Amino acid sequence: MSQPRQNHTKQRVNVNRRLHKSGQRYAFPRFGIPECFGFFSVNAQQEFEDNANGASYLCMPPADSFPMDLKAGYERVIRKKKQSGVKDLENLLKYIYNHQQLLTLSQSSKSLSLRADFVCCRGVLRMLLCMPYETRDAFYVRATRLNGTIYIAKVETEQQRQEDLNMTEHAKAMCSWGFKFEQYMLSTAPNTLPDTSLPVNEAEEFSAMFRCSLNGIRLMYGAEMDGIVSKEPVNLNDPHELRNLQFVELKTGPFQPNDKQNRSFDYCKSRNWWSQSFLVGINTIMVGLRDNDGLCHDIDKRDVSQLARNKPWSPAAMFVFLDKLLQELKKTLESIDNPHIVVEYEFLPHSDSVFVRVLDSSDVQIIPDWYRTLMKGET
């Protein structure tokens, strides 16, 4: 595509958002095995910590635990404060700052570069993968290029802000049921039952850092991980053990789904679950089957590789779209070649097109000044 003018007008991106409708069968692009190379935690106050304090191990509950009451302690839940996609990206940048062995010195100056073409959160990649099939909600991302690496952050829309503000108490409760299910399933040590009497703090997180390549594009991304599968304590500071970690994803779903819920799973939820897990090499999803009263009656073990079978969506088409979009984004920002310019990509509901606008004001920046100083080699 041609270089966008820096006047905030929208231009159409040369990417077919509905390429799967052409009837063409797509080959899956070359996608490397995601490699876990680092980790960090977010504490109860939603502060970044360069440690594994938030890590948990899968601990299957005893058979006589059912039904598990997902409402237990609901009145004491400590909710996570809403934060922006820029803040989520900043946690990854803090990790990079603390692990500067990831950086290399530029051959022509003292500035530093990162051994990655793109840096973002896993959630951004998941949403981009699902864009060919998303028809209801608008989605925006902003990106900027610094020292050869493109950084991407999600932008919250006004519709999303209003939905959060207007969320019903029942909807909030159902979200909390998922966190309570995690508390029943996860322990701070292997082979140790969790203490489910404690209040659930929804802010605490453990995130892993991953790298892989998509058709030669080097990706680096962070992802919040639910639990580690191991019967023995894992030394996360051992690179070999870190690379070979087995993670598990935890979800909740209806105990006796009706036809509408089954259709929703086939068309939407299965796609989200598959892409979220595939990006970080997760093979297994444990689903707590709960009723409308918040009682979990059973656990269904789902094989991630089977989620895409006989579904109305194509993993290959999703990754072909992501590849083409990232290539266009790379081309655009290389042509602009200005680390203070931000491009905003817009995905509107019921639209086959992707639009881009170029922004240059200080209030749209997604990279903090302290990180720019680091990459200049001035720290």
Side-chain angles (χ1 to χ4, degrees), residues 28-43 48-60 88-89 91-105 112-126 149 182 185-192 194 204-250 273-286 301-305 319 374:
F28 205 99
R30 288 182 293 112
F31 185 72
I33 297 174
E35 176 192 347
C36 179
F37 68 91
F39 55 88
F40 62 87
S41 300
V42 175
N43 65 22
F48 172 91
E49 291 187 355
D50 194 8
N51 56 43
N53 288 347
S56 299
Y57 292 83
L58 178 68
C59 180
M60 295 298 291
D88 292 334
L89 174 63
N91 282 336
L92 309 191
L93 304 186
K94 288 177 180 178
Y95 177 84
I96 294 169
Y97 185 94
N98 288 354
H99 299 268
Q100 295 183 23
Q101 70 271 23
L102 298 170
L103 305 172
T104 57
L105 186 65
L112 301 172
S113 62
L114 187 60
R115 291 188 286 271
D117 298 308
F118 288 89
V119 173
C120 63
C121 294
R122 185 256 315 261
V124 170
L125 293 177
R126 181 189 67 80
T149 297
E182 291 179 9
M185 297 289 290
L186 301 172
S187 178
T188 54
N191 305 312
T192 303
E204 294 175 329
E205 298 176 6
F206 174 75
S207 289
M209 295 291 294
F210 291 87
R211 57 186 162 214
C212 69
S213 64
L214 172 60
N215 268 353
I217 299 174
R218 298 171 300 170
L219 304 174
M220 180 182 293
Y221 46 97
E224 182 183 354
M225 310 303 288
D226 288 340
I228 297 168
V229 182
S230 176
K231 295 182 179 180
E232 301 294 333
V234 175
N235 179 8
L236 294 173
N237 292 311
D238 181 333
H240 175 75
E241 290 199 43
L242 195 59
R243 282 194 302 270
N244 291 283
L245 273 184
Q246 183 182 352
F247 291 104
V248 65
E249 183 72 21
L250 302 177
W273 287 10
W274 177 85
S275 53
Q276 182 184 38
S277 295
F278 185 82
L279 284 167
V280 293
I282 286 178
N283 298 318
T284 303
I285 300 175
M286 296 290 186
K301 184 177 180 180
R302 298 285 183 94
D303 185 337
V304 172
S305 66
F319 267 89
L374 166 69

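Computed from a predicted model, the values in this text were never measured in an experiment.
The side-chain heavy atoms of Leu219 and Ile217, taken from C-beta on, include a pair separated by under 4.5 Å. For the pair Phe39/Ser207, no side-chain contact is recorded, criterion being any heavy-atom separation below 4.5 Å from C-beta on. The shortest side-chain heavy-atom distance between Leu112 and Thr104 does not fall under the 4.5 Å cut-off. Looking only at side-chain heavy atoms (C-beta outward), Lys301 and Met286 come within less than 4.5 Å of each other. At a threshold of 4.5 Å between non-hydrogen side-chain atoms, the residues Arg115 and Leu103 do not count as touching. Between Phe278 and Trp273 the shortest side-chain heavy-atom distance does not fall below 4.5 Å. In this structure, Phe31 and Cys212 have side chains that are in contact, with non-hydrogen atoms separated by less than 4.5 Å. Within the 4.5 Å cutoff, the side chain of Asn283 has no heavy atoms near those of the Ser305 side chain.
To the nearest 0.5 Å, the span separating CD1 on Ile285 from CG on Asp303 amounts to 9.5 Å. Distance check, rounded to the nearest 0.5 Å: CD of Gln101 to CZ of Phe37 gives 9.5 Å. Going from atom CG of Leu245 over to atom CG of Asp238 covers 10.0 Å, rounded to the nearest 0.5 Å. From Ser113, atom OG reaches atom CG of Leu102 across 11.5 Å, with rounding to the nearest 0.5 Å. Between atom CE of residue Met209 and atom CE of residue Met220 there is a gap of 5.5 Å, rounded to the nearest 0.5 Å. Between Asn98 atom CG and Asp50 atom CG the span is 4.5 Å, to the nearest 0.5 Å.
Looking only at distances, a side-chain donor or acceptor of Ser187 sits under 3.5 Å from a matching main-chain atom of Thr192. Between the side chain of Tyr221 and the backbone N or O of Val124 there is no donor-acceptor pair closer than 3.5 Å. Not a single donor-acceptor pair under 3.5 Å links the side chain of Thr149 to the backbone N or O of Asp117. Judged by distance alone, the side chain of Ser41 and the main-chain N or O of Asn53 form a donor-acceptor pair under 3.5 Å. A donor-acceptor pair is defined here as one N or O able to donate and one able to accept, closer than 3.5 Å; no such pair exists between the side chain of Asn91 and the backbone of Phe48. A distance-only check finds a donor-acceptor pair linking the side chain of Arg122 to the backbone of Gln276 [under 3.5 Å].
Here the shortest heavy-atom pairing between Met185 and Leu250 reads CB-CD1, 3.8 Å. Across all their heavy atoms, Leu279 and Pro34 have their closest contact at O-CG, 3.2 Å. Minimum interatomic distance between Pro233 and Pro190 (heavy atoms only, all atoms of both residues): N-CG, 3.5 Å. Across all non-hydrogen atoms, the minimal contact from Val248 to Val229 is CB-CG2, 3.7 Å. Residue Ala55 comes nearest to Ile228 through the heavy atom pair CB-CD1, 4.3 Å, listed as atom of the first residue, atom of the second, then distance. Taking both residues in full, the closest heavy atoms of Leu125 and Cys120 are given as CG-SG, 3.6 Å, listed atom of the first, atom of the second, then distance.
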Quick one: do Phe210 and Met225 satisfy side chain to side chain contact (heavy atoms under 4.5 Å, CB included)? Show the steps, please. CA-CA 11 Å; Phe210 291 87; Met225 310 303 288; 4.0 Å; yes

Inset, instruction - Any chance you could lay out the side chain to side chain contact (heavy atoms under 4.5 Å, CB included) test for Val304 and Thr284, step after step, and finish with the verdict? - result: CA-CA 6 Å; Val304 172; Thr284 303; 5.8 Å; no

Run Cys59 and Asn191 through side chain to side chain contact (heavy atoms under 4.5 Å, CB included) and show every step you take.
CA-CA 6 Å; Cys59 180; Asn191 305 312; over 6 Å; no

Side chain to side chain contact (heavy atoms under 4.5 Å, CB included) between Asn43 and Glu204: does it pass, once the steps are laid out? CA-CA 5 Å; Asn43 65 22; Glu204 294 175 329; 5.7 Å; no

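Checked by atom type, the side-chain pair Asn235/Glu241 shows no donor-acceptor distance below 3.5 Å.
Using cut-offs of 30° and 60° for the angle between ring planes, the Tyr95 and Phe40 rings count as tilted.
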